[in-house]
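Here the structure comes first, spelled out in structure tokens, and everything after it is commentary.
Naming: A, B, ... by sequence-line order, numbering from 1 per chain.
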Number of protein chains: 2
Amino acid sequence: MGTALNALKLLDYFSNARPEIGLSLLARLSGLNKATALRHLRALEEFGLIEQNPMTKSYAIGPAALRLAALREIARPGIESARQKMQAAMQIVGESLHLSLLEKNGLQTTLVVETTQHSVRVSLDPSEMLPLNATASGLCMLSFGPAHLRVQLDQDVQVQFTESTLTDPKLIKEQVAQIGISGWANSSGSYEDGVFGYAAPIFGIDQIALGTIAIAVPESRATSDRLPEILSALHALSTDMTADFGGQLPDTFPTEFHP
Amino acid sequence: MGTALNALKLLDYFSNARPEIGLSLLARLSGLNKATALRHLRALEEFGLIEQNPMTKSYAIGPAALRLAALREIARPGIESARQKMQAAMQIVGESLHLSLLEKNGLQTTLVVETTQHSVRVSLDPSEMLPLNATASGLCMLSFGPAHLRVQLDQDVQVQFTESTLTDPKLIKEQVAQIGISGWANSSGSYEDGVFGYAAPIFGIDQIALGTIAIAVPESRATSDRLPEILSALHALSTDMTADFGGQLPDTFPTEFHP
DNA sequence: CGTTATTGGTTCAATAAATGAACCTCGTTA
DNA sequence: TAACGAGGTTCATTTATTGAACCAATAACG
């Protein structure tokens, strides 16, 4: 049921690591028949969501994506000013930032601003779904997001990404409780080795987190003396962006973050 | 033929003026049966390209648009730096800018940067297709774009938008020839009364324009003393953005724009 | 107030559209 | 040159899409 949806799902196979995909590979990845995949691609191409490289014959996301994003910005403003705030914060902190929003299927990285100040940087994939148990953003979301996320915690099996990934629901809940008090979350290589993350919530009108803002730092620069700077930037972004999205901070939310 | 495409076409009814649409209206606009429209909307919603406002029950473009735009930026970089350049130019010139790219169906406004310096400003709709005969961008595209556009000029009927819209193919061709020499195009209320436009081409690797960059000025500020400033900004954007998009200026392209 | 339109959404038989195995052609590789 | 995998096509079979009528709920109206 849902031909249109099946066609759209092809778009999910494009990612940072694989921005262009050929017909055969895409058919294999999606499990669809080549003919079906091709017909879907043609439909998407006609709309502009897919573009075929005339030389390589490979397919990539098309220009219509940009138009729709602009339209989205009109319907639900916030991203544009978020981008600017993140860019400004990036200049000060000198690290990559990413904004993630809670969507139907999970926590989606929506906006990435990479640092221009270091060649060793954390590079995030905007097509990625963030695991709640293994990332600072995810833990933050568990702590400040809708209750059903915490309920599901006991049901779902938590994936182990690295040695330091938390998978025991009990340990995760302890972390989450701690984050509820401090207001910010951090992760030390629990998703990817060598990547430290610091995240803070962005609240909706109902004082429940609708997304997170996070700073990702490579291990080599994740020294404790940089923490105050990072936390101060994070707190400012958290409060400012909550306001931008028309949300409201809970009364119990700390007025500043402490290490 | 093409269910997926029909579903996607629903997205085309969203615009600056109508960012949220209810089921019945959308069915009427698209000519689809309500049941069909609903099924399509549900499919799009599941993918995240559509989002339903739980209060008003109206539909709007969803968050997946942003994710796809980010993916597009990876596959075909350029927009992000284009945005920054346009923002910088906006600060200097103090007027709204828009980038339009030639897509399958015509010239699409892809990126809009509105001026923050004046309350009277030109506000563009990113979902709009620009008519080639009535806008500075369109004329510019006719002049520097692929040859088939000029061929079609004789076949298609040119729409008259205002009193000063050019509709005679002969007159249009004269204009286009002139633009080919000067390098930039302008329009004086030929699309919308009271809006002056100035546009310059952005070239692809084949030295054929793949898009245009334009500055839109309300009539009240479109005085001749501001022209040098506008043209200088336009020329810089034209050459810089051609480079950003991996393109090449034709050898005959002027090194600066003259009134 | 009762009436009338209009909204979002559902149902189900009729039908039109999607599907997939096999096939074709062409460029690479062994 | 033979084998392979690439992109793409064909067409009988099957499956999902379609749309008129219908329902419940809300808004508009005399």
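What separates CD1 of Ile21(A) from C1' of dG8(D) is a distance of 18 Å, to the nearest Å. Taking atom NZ of residue Lys57(A) and atom C1' of nucleotide dT25(C), one finds them 12 Å apart after rounding to whole Å. In this entry the distance linking CG of Leu25(B) with P of dT6(C) reads 13 Å, nearest Å. At whole-Å resolution of the value, CG in Leu44(A) and P in dA18(C) are 13 Å apart. In this entry the distance linking CG of Asn53(B) with C1' of dG8(C) reads 14 Å, nearest Å. If you take CG of Leu5(B) and C1' of dA16(D), they are 17 Å apart, rounded to a whole angstrom. What separates CG of Leu41(B) from P of dT7(C) is a distance of 15 Å, to the nearest Å. dT19(C) atom C1' lies 13 Å from atom CG of Leu38(A), rounded to whole Å.
The phosphate of dG8(C) has neither OP1 nor OP2 within less than 4.0 Å of any side-chain N or O from Arg39(B). Under 4.0 angstrom from either OP1 or OP2 of dT17(D) there lies no side-chain N or O belonging to Thr3(B). Between Tyr59(B) and dT7(C) there is no side-chain N or O to OP1 or OP2 distance below 4.0 Å. At dG20(C), one or more side-chain N or O atoms of Thr36(A) fall inside 4.0 Å of OP1 or OP2 (strictly under the cut-off). At least one side-chain nitrogen or oxygen of Arg42(B) sits closer than 4.0 Å to the OP1 or OP2 atom of dT10(C). The side chain of His40(B) places no N or O atom within less than 4.0 Å of a non-bridging phosphate oxygen (OP1 or OP2) of dT17(D).
A residue-by-residue look at Arg28(A) and Leu32(B) shows that Arg28(A) has its nearest nucleotide of DNA chain D further toward the 5' end.
Ion pairing between Asp125(A) and Arg67(B) fails under the 4.0 Å rule for side-chain N and carboxylate O. Between Lys57(B) and Glu20(B), no side-chain nitrogen of the basic residue sits less than 4.0 Å from a carboxylate oxygen of the acidic one, so the salt-bridge criterion is not met. Using a 4.0 Å cut-off between a side-chain N of Lys or Arg and a carboxylate O of Asp or Glu, Arg76(B) and Glu51(A) qualify as a salt bridge. Ion pair Arg72(B)/Glu80(B) not flagged as a salt bridge, since none of the NZ, NE, NH1 or NH2 atoms sits closer than 4.0 Å to an Asp/Glu carboxylate oxygen.
Comparing dG20(C), dT17(D), dG8(C) by their closest approach to the side chain of Ser24(B) singles out dG8(C). The side chain of Asn33(B) lies closest to dG19(D), out of dG19(D), dG8(C), dT19(C). If you check dA20(D), dA18(C), dT18(D) against the side chain of Ala35(B), the one that comes closest is dA20(D). Side-chain proximity of Lys34(A) to the nucleotides dG9(C), dA6(D), dG7(D) is greatest for dG7(D).
Each of Ser238(B), Ser137(B), Ser143(B) was checked for a side chain to side chain donor-acceptor pair (under 3.5 Å) with Thr212(B), and the lone residue meeting it is Ser137(B).
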